[in-house]
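The structure under discussion appears below in the form of structure tokens.
Just follow the structure's listing: the first ligand is 1, and inside any ligand the first atom is 1.
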Amino acid sequence: MYPPPAEFASRAHVGSLEAYGELYRRAAEHPEEFWAEMAAREVHWFEQWNHAFEWHPPFVKWFVGAKTNASYNCLDRHLAGRGSKPAIIFEGEPGDERIWTYRELHGHVCRFANVLKSRGYKAGDRAIIYMPMVPEAVVAMLACARLGITHSVVFGGFSAEALKARIQDLDAHLVLTADGGWRRGREVRLKEAADEALADCPGVRDVIVLKRTGGTVEMKQGRDLWWHELEAGAEAECPAEPLDSEHPLFVLYTSGTTGKPKGILHTTGGYLTYVTCTMKWVFDLKEEDVFWCTADIGWVTGHSYLVYGPLSAGATCVMYEGAPDHPGWDRWWGIVERHRVTNFYTSPTAIRALIKQGEELPARHDLSSLRLLGTVGEPINPAAWEWYHRVIGKGRCPIVDTWWQTETGGILIAPMPGAVPLKPGSGTLPMPGIEAEVVDFHGKPAPPNTEGFLVIKRPWPSMLRTIWGDPQRYEQQYFSRIPGIYFTGDAARRDEDGYFWILGRVDDVMNVSGHRLSTMEVESVLVRHPAVAEAAVVGKPHEITGQAVCCFITLKQGFEPGDGLAKDLRQWVAHEIGAFARPEEIRFAETLPKTRSGKIMRRLLREIVTSRTVTGDVTTLEDLGVVARLAAQEDED
Ligand code: WT7
């Protein structure tokens with residue numbers, strides 16, 4: 001156990017276990033009052049609510065009847081006191097740097113919002129943002145939010161296919177993109193991918209293109225417009241639209257258990273309240289802090305803890321465009337040193353990759369500005385935790401291991417660093433108002449140290465509201481296993497101190513480098529390849545990325561297994577979904593193990609890639625021999 005350092009606790013927003021317990025108790029006993037108080041304190045409202053929340057399972061509304069605006073909360077309300085405070089400290093991969101104060105960011109957002117307005121966009125419209133990690137991506141998000149245009153950011157690593165599916169599902173008429181971005185010294189050609197996607201998206205009227213890399217792009221007459229040309233002619237004042245608290249702020253697509261990604265909908269007032277609260281509770285944000293979350297804005301972590309949370313809380317945020325190993329593996333430590341970063345938030349995968357590079361790289365940099373470290377996205381193994389604590393935090397910095405999901409909008413389980421003693425590998429205790437529990441199949445609480453399903457028993461302000469266009473899937477996915485209770489899809493156990501230990505997914509979802517990926521999604525891509533008859537995909541334990549994609553393939557008549565074809569298939573998945581989904585391993589099989597009803601037995605395949613031996617019940621198998629052959633193949637490798 002690592003108790004909070006006394007010096008840290010004495011200055012923390014929540015400085016003792018008792019203070020945490022008191023907050024937790026108040027939120028549990030009087031949720032309406034508690035959240036009304038938090039909302040009034042942390043967010044600016046143009047009009048007050050009638051009720052803190054209305055819960056008609058599985059649907060919830062927060063701060064019903066109130067009006068607010070996320071862009072106003074992230075910008076305008078800071079102008080008086082923080083106008084000349086840096087809002088964004090940006091470093092591009094080639095080494096270019098920009099520092100924008102709150103006043104400057106406000107100016108850019110207003111001008112760009114006026115651009116959107118002049119093109120006829122307004123509250124209720126939808127925009128796709130497919131951009132590199134540059135400050136204009138934040139401008140795009142906040143300009144949309146300012147007018148009530150619901151945005152959906154698509155991670156720049158996603159392929160044209162993935163982009164197309166999202167544009168179509170959202171029926172977006174507006175796409176904001178760039179010529180490209182920099183990654184490991186190479187240009188990621190975003191506009192090119194967008195053009196490929198847009199060939200099948202006749203509904204898109206405007207494509208606004210930021211010039212970032214200066215690479216050549218084709219501009220389609222009557223559809224494509226240059227960002228800088230439009231912005232140059234725009235007015236610098238644009239009032240934020242007072243929007244309903246439940247106005248859709250953004251949709252973010254995430255993998256589910258089928259081939260089709262789910263559009264997770266987040267709304268405005270509750271989301272802002274919750275992410276702003278957690279900036280203090282989890283990150284203990286102080287006025288003078290320099291906050292750096294390394295996540296891309298294309299993931300929920302980037303939304304909540306690079307944009308909306310920190311900016312709403314008035315923080316100075318660091319934003320970095322490129323790869324952690326460019327030009328060398330100490331790039332991040334150089335950034336920490338140059339900008340005096342105080343709070344640093346990253347993924348266990350990144351930490352494990354950095355561990356491999358040795359201790360001497362961080363030792364070359366002055367990391368003494370750091371006071372708090374965080375992790376997110378996957379369980380962290382205690383060895384990686386200890387390294388992070390000792391080598392990066394010099395034994396001084398608490399580590400907040402934050403458990404949450406795209407659906408939860410904000411961090412639900414994490415230590416309050418001035419209050420809660422840490423145990424490496426545990427997310428520790430839930431936030432106030434979060435009634436997390438580990439239950440069995442029937443929803444009964446599991447005894448201490450017993451594995452079960454992680455559920456959340458009451459709604460919280462930043463909870464997803466629905467799946468875009470598919471309320472039935474929303475109910476079925478999250479509220480049907482145990483009626484009326486939010487089902488996270490994670491297995492967990494609680495120890496004798498009530499600490500949560502997350503054990504991984506209970507469904508067919510993989511977690512690769514802290515990014516969620518559905519086995520079915522990869523399978524459905526593979527079977528579209530001309531050589532593939534059948535595919536079964538499982539996550540395989542991986543030293544750095546936590547899990548890696550492992551594919552079992554049967555081929556159509558006339559195709560032969562081989563290294564060339566394996567390479568082709570890897571490339572195919574990368575092309576169809578994105579490079580981050582590229583399979584680690586392709587294994588050819590004569591047949592796949594199936595139940596008598598024809599379902600692929602992924603459990604068996606998982607066991608093969610995990611333990612090399614197969615145990616448990618295999619009597620429902622169609623072909624027992626196949627399992628033995630696959631297991632044997634492993635030994636030959
Ligand atoms: C899944 C959510 C939340 C932002 C990044 C991922 C896993 C997340 C932790 C953690 C153990 C974690 C869970 C969860 N996960 N954080 N601290 N410890 N597991 O968002 O893509 O929506 O994935 O990531 O399995 O369900 P996401």
Side-chain angles (χ1 to χ4, degrees), residues 153 155 157-158 250-257 261-266 271 274-275 278 282 293-309 345-352 373-382 384-385 388 399-415 422-431 434 436 438 451 453-456 462-464 467 477-478 486-494 499-519 521 539 545-547 578 580-581:
V153 183
F155 171 53
F158 272 117
F250 66 85
V251 172
L252 192 58
Y253 286 85
T254 187
S255 297
T257 49
K262 305 179 280 194
I264 303 301
L265 175 69
H266 285 287
Y271 173 79
Y274 193 81
V275 295
T278 49
V282 181
C293 162
T294 67
D296 192 282
I297 47 148
W299 309 110
V300 74
T301 310
H303 283 61
S304 301
Y305 297 109
L306 180 73
V307 180
Y308 290 111
Y345 188 37
T346 195
S347 69
T349 286
I351 295 165
R352 288 189 293 263
L373 303 173
T375 68
V376 59
E378 49 187 317
I380 183 162
N381 46 311
W385 194 102
Y388 196 31
I399 298 178
V400 290
D401 176 346
T402 64
W403 178 89
W404 57 299
Q405 308 177 299
T406 304
E407 292 87 341
T408 69
I411 296 165
L412 297 198
I413 301 177
L422 309 173
K423 297 186 191 184
S426 168
T428 75
L429 302 171
M431 291 292 111
I434 305 303
V438 177
E451 179 172 347
F453 301 117
L454 178 63
V455 298
I456 315 291
S462 64
M463 183 174 117
L464 80 162
I467 293 176
Q477 281 275 295
Y478 303 111
Y486 177 77
F487 190 78
T488 66
D490 278 353
R493 69 181 171 82
R494 261 188 122 159
Y499 279 38
F500 286 85
W501 298 78
I502 310 297
L503 305 168
R505 304 285 307 185
V506 297
D507 50 17
D508 290 320
V509 170
M510 297 171 284
N511 187 326
V512 179
S513 306
H515 299 144
R516 204 194 301 187
L517 199 59
S518 135
T519 55
E521 206 175 334
T545 59
Q547 282 190 317
F580 70 96

Among all protein heavy atoms, pick out the one at the shortest distance from [atom]; state its residue, atom name and that distance to 0.1 Å.
atom                    : result
atom 16 (N) of ligand 1 : Gly377 N, 3.1 Å
atom 11 (C) of ligand 1 : Pro379 N, 3.1 Å
atom 6 (C) of ligand 1  : Gly514 O, 3.8 Å
atom 5 (C) of ligand 1  : Thr301 OG1, 3.5 Å
atom 9 (C) of ligand 1  : Glu378 N, 3.5 Å
atom 23 (O) of ligand 1 : Arg516 NE, 3.5 Å

Is the closest side-chain donor-acceptor distance between [X] and [Y] under 3.5 Å?
X      : Y      : result
Thr545 : Ser513 : no
Gln405 : Thr488 : no
Tyr345 : Thr402 : yes
Trp403 : Asp490 : yes

- Query: With a 4.0 Å cut-off, would you call Arg352 and Glu378 a salt bridge?
  - Reply: yes
Between [X] and [Y], ring centroids under 6.0 Å:
X      : Y      : answer
Tyr253 : Phe158 : no
Trp299 : Phe155 : yes
Phe487 : Tyr478 : no

For ligand 1, which atoms sit closer than 4.0 Å to a heavy atom of [X]?
X      : value
Val300 : 4 (C)
Thr402 : 9 (C), 10 (C), 16 (N), 17 (N)
Asn511 : 7 (C), 24 (O)
Asp490 : 13 (C), 14 (C), 25 (O), 26 (O)

So, regarding [X] and ligand 1 (criterion: nitrogen or oxygen to nitrogen or oxygen, under 3.5 Å), is there a contact or not?
X      : answer
Thr406 : yes
Thr488 : no
Thr254 : no

- Item | Backbone of Ile411 reached by a side-chain donor or acceptor of Tyr305 within 3.5 Å | yes
- Task: Report the part of His515 in contact with ligand 1, treating N, CA, C, O as backbone and CB onward as side chain, heavy atoms under 4.0 Å; options are side chain, backbone, both, neither.
- Result: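 Neither part.
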- Message: For atom 3 (C) of ligand 1, which of the options Trp299, Trp403, Trp404 provides the nearest non-hydrogen atom?
- Response: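 When every heavy atom of Trp299, Trp403, Trp404 is considered, Trp404 comes closest to atom 3 (C) of ligand 1.
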- Of all the heavy-atom pairs spanning Tyr388 and Gly374, show the shortest one and how long it is. OH-O, 2.9 Å
